[in-house]
Amino acid sequence: MIPAISFRGVSRHFGTVRAVDGVDLDIAEGEFFAMLGPSGSGKTTCLRLVAGFETPTAGDIRLFGESVAGLPPYRRAVNTVFQDYALFPHLNVLDNVAYGLMIAGVPKPERRRRAEEALAMMALPGYGARRPSELSGGQRQRVALARALVNRPRVLLLDEPLGALDLKLREQMQDELKALQRRVGITFVFVTHDQGEALSMADRVAVFSDGRIQQVGTPSEVYLRPRTRFVADFVGSSNVLAPEVARAFGGQAAWSSLRPEALRVVAPEGAPVAGRVVAARYLGSATRLVVALPQGEVAVLVPGGQAVPETGAQVGLAWEAGALHAMEAA
Amino acid sequence: MRFERAPWWLKALAGGGLLFLHLPILLVFLYAFTTEDRSYVWPPPGLTLHWFARAWARPDIWEALWLSLRVALVATAVALVLGTLCAAAVARSRFFGREAVSLLVVLPIALPGIITGIALRSAFSLADIPFSFWTIVLGHATFCVVVVYNNAVARFRRVSGNLIEASMDLGATYGQTLRHVILPNIATALLAGGMLAFALSFDEVIVTTFTAGQQATLPIWMLEELVRPRERPVTNVVAMVVVLVTFLPILGAYHLTRGTDTVAGSGK
Amino acid sequence: MTVMADAGAPRPARSGVSDALWRHPRLMLVLLLAPPLLWLGIVYLGSLFALLAQSFFSIDEFSGVIDRTPTLKTYGELLRPANLDIIWRTVLMAALVTVASVTVAFPIAYYAARYARGRWKAVFYLGVMLPLWSSYLVKVYAWKLILAKEGIVGWGFEGLGLGWLLDAFLSVPGIGGNSLSVSPTGTFIVFVYVWLPYMILPIQAALERVPGSLVEASGDLGASPGQTFRHVLWPLALPGVVAGSIFTFSLTLGDYIIPQIVGTSARFIGLAVYQYQGTAGNVPLAAAFAVVPIVIMGIYLAVAKRMGAFDAL
């Protein structure tokens with residue numbers, strides 16, 4: 001099957017800054033795809049390359065098999081939901097949503113009807129006459145979604161879609177976005193720096209660092225089997241063990257990842273490794289300990305309801321055989 | 001928000017300062033009605049509307065007013081185009097020499113008017129250009145650009161670049177984006193800038209003396225009357241009318257830009 | 001399958017220009033910048049160069065014909081004591097006017113920035129804006145009325161029985177004259193009045209950025225109001241003061257109308273430029289004179305830029 005979006009050797013350099021540096025990527029049709037990485041890692045630039053707001057310095061980008069080289073944004077069957085929503089302040093909500101249809105020359109009655117339908121789908125019926133400035137952050141985001149989807153794009157691009165919302169709304173919108181994507185059935189590509197968001201919503205995740213893709217995979221692959229130290233650390237703050245430490249832990253002599261929640265606190269006597277608790281942070285559902293071992297410090301997650309050792313106590317640590325994951329690259 | 005009270009002496013100084021700024025102008029209004037026609041005697045011995053009729057009947061005043069209005073209109077139109085283009089370039093992109101461009105726009109009002117005036121005059125004389133309506137317009141448009149530019153650049157910065165990208169993302173070409181997104185969003189700033197440019201041109205005298213030759217705009221006419229008074233009370237009447245005529249665009253520009261970060265006065 | 005947008009209608013046919021602009025972002029920039037830069041470059045910079053060129057010409061003293069061979073002779077003429085006198089007098093006046101403007105402007109700006117709220121804020125804003133934009137000539141003219149011998153100031157002094165005081169003041173050489181309207185004091189007052197709004201606005205803009213809590217913190221730490229002003233407010237307002245002084249200084253250097261209408265026959269740079277190019281017909285000397293304020297303002301702006309004044313403009 002032809003991928004919805006494909007990157008082949010794509011780079012975007014700004015002077016000496018390599019914002020995107022040799023990216024290869026295929027995103028399938030109908031996929032909910034996340035581009036995850038810290039700020040400045042190149043994920044947003046990749047999104048802008050797809051939308052047509054940037055042009056690659058090298059490489060080829062294809063949408064459904066056809067190269068988009070030389071195609072301006074208004075000739076691409078993709079639409080974007082901007083981080084700050086970019087709603088037109090001089091238009092009311094209905095005219096905002098109908099903007100793309102107006103530009104495309106859709107007759108007025110039809111574009112009204114379709115815009116109202118889109119608003120209804122986003123649970124905003126009857127909001128058409130309001131100004132964007134009269135809406136809450138969550139409502140603005142729904143308008144931005146309606147404005148993009150009403151054009152029936154084949155790919156929807158979302159730039160930090162939940163970044164401007166508060167925590168409670170963010171969790172609710174995660175579920176809604178996922179449901180929306182299933183309903184409309186088109187490809188969603190979203191950019192985020194929040195690994196929790198990426199893991200909970202996406203079918204597949206690409207982890208970016210310094211303009212390059214570190215790993216592409218399903219959330220559980222990326223989480224449980226990180227390919228590089230960066231991925232292990234960035235996705236869920238895993239313990240990254242140097243080769244000699246990994247050996248001491250009974251694994252191969254390779255950079256390895258050991259998740260904090262895979263470690264269990266046991267009695268120091270007879271434990272595979274033992275050390276002293278140097279810090280504890282209460283997280284509500286769990287407590288995060290830092291344990292100083294002869295080989296270095298590791299983080300341990302003690303689930304709620306279990307006994308938490310005092311700071312300063314000597315503890316032993318144990319783990320299941322498969323938990324220690326040797327990574328392919330350093 | 002604080003609800004502190006200012007010390008009495010600060011209130012007195014600030015209020016006194018505002019009065020100092022306004023009383024002289026109000027005084028001119030009063031003098032327009034005085035019955036005394038030889039000196040500036042205070043208090044006016046009596047009040048009359050006679051001088052308004054006299055001013056109305058003076059063809060030289062009408063000619064000067066008409067010339068001033070035409071110059072201001074054309075200069076404003078040129079300044080609107082040039083100032084908006086320049087603001088769009090400076091606000092929307094970063095390029096080498098951007099600072100130099102903003103400096104170049106500000107220079108005609110940053111340097112004393114007499115420099116602009118004599119510089120233009122030197123150029124006209126070196127290039128053998130005779131004085132005309134257009135030499136006046138040339139000078140006025142040059143220093144009016146900055147007023148439009150300042151108003152437009154502040155608004156362009158507020159209209160985030162995202163709006164333009166959003167419009168193009170939704171299928172609009174540059175032309176459609178200009179018409180449906182950019183112009184509606186900067187219209188009031190342009191109108192305000194245009195009004196201020198008009199007021200600036202209508203009132204300008206220093207540069208104009210060097211570029212007008214034998215023609216008299218209304219300020220030039222007034223300057224003549226100040227240096228060689230013929231009928232003082234008529235000058236008083238014209239002075240009052242000039243103040244009232246320039247107040248209208250200023251108030252209009254203030255209303256158009258109120259509540260935004262565009263400062264109506266920036267640029268003069 | 002197509003990658004073209006299928007929102008319901010074909011693309012407009014006339015989008016070729018738009019496509020070209022998207023493919024060449026620099027082209028867009030060039031199109032935007034070309035008209036204003038051509039205008040300002042040719043009309044304005046071209047004129048400034050013409051002016052500069054004129055200052056290197058010379059005038060034949062007997063025939064009055066302008067000799068277009070480059071020479072420094074005119075600049076030599078500029079350095080004659082009488083002309084240096086004019087320059088010195090103008091710079092001194094500009095400096096005094098600037099200091100006086102700061103003194104009068106500061107309380108207004110401070111009150112408007114820190115205490116005025118709501119309706120009063122608008123009153124102060126318009127209260128400064130309207131005089132700023134009202135006719136320059138009318139403002140000068142108003143002072144001619146006020147300062148005239150028979151005008152309101154003289155009437156006031158007489159009414160208070162203080163006519164002798166005004167006469168005594170006017171008899172002081174250097175600052176007095178026949179009446180206030182033909183004295184250097186009169187010139188000074190009108191300069192301060194006419195440029196005052198240019199000083200208020202930047203100071204106010206600078207003070208608006210000083211959080212009120214800073215003043216409170218200073219008082220909380222034991223500073224007297226005077227100390228707070230000297231150590232907190234003044235340093236923070238300084239960029240605004242410098243920005244305002246650029247206007248008052250530059251405008252005073254170049255003005256030739258105020259000393260002509262309210263003043264003595266003593267000449268200032270602006271008046272000298274005006275007279276040399278006009279009645280005297282000595283355009284090279286006028287041009288050389290005009291270069292003086294450019295040089296002074298160049299130095300002034302360089303210093304001001306160092307002090308961060310342009311952020312307050």
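Computation of the quantities below employed the complete heavy-atom set of this structure, encompassing side-chain atoms and omitting hydrogens, waters and symmetry-equivalent molecules. Here is how names work: the chains are called A, B, and so on, in the same order as the sequence lines, proteins then strands, and each is numbered from 1. This is a predicted model, so every value here is computed, not measured.
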What are the two closest non-hydrogen atoms of [X] and [Y], and how far apart are they?
X	Y	value
B/Tyr174	A/Tyr74	N-CE2, 4.5 Å
A/Ala51	B/Asp169	CB-OD1, 4.3 Å
A/Pro89	B/Leu163	CD-CD1, 3.5 Å
B/Gln176	A/Tyr99	O-OH, 4.2 Å

May I ask you to test the [X]-[Y] pair for a side-chain heavy-atom distance under 4.5 Å?
X	Y	answer
A/Phe88	B/Ser167	yes
A/Asn151	B/Leu170	yes
B/Thr173	A/Pro72	no

Can you tell me if [X] has over 12 outside heavy atoms packed within less than 6.0 Å of its [atom1]?
X	atom1	value
A/Arg18	CZ	no
B/Arg98	CZ	yes
A/Asp210	CG	no
A/Arg112	CZ	no

At a 4.5 Å cut-off on heavy atoms, which part of A/Leu87 comes close to chain B: side chain, backbone, both, or neither?
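The answer is the backbone of A/Leu87.
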Measure distances from A/Arg147 to the heavy atoms of chain B and classify the residue's part below 4.5 Å as side chain, backbone, both or neither.
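For A/Arg147, backbone and side chain are both near chain B.
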About how many Å separate CD1 of A/Ile103 and CE of B/Met168, when rounded to the nearest 0.5 Å?
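B/Met168 CE to A/Ile103 CD1: 11.0 Å, rounded to 0.5 Å.
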So how far is it from A/Glu54 CD to B/Glu165 CD, rounded to the nearest 0.5 Å?
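The CD atom of B/Glu165 is 7.5 Å from CD of A/Glu54, to the nearest 0.5 Å.
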Is a side-chain N or O of A/His90 found less than 3.5 angstrom from the main chain of B/Ile186, in a donor-acceptor match?
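No, the answer is negative, given that no donor and acceptor are paired below the 3.5 Å cut-off.
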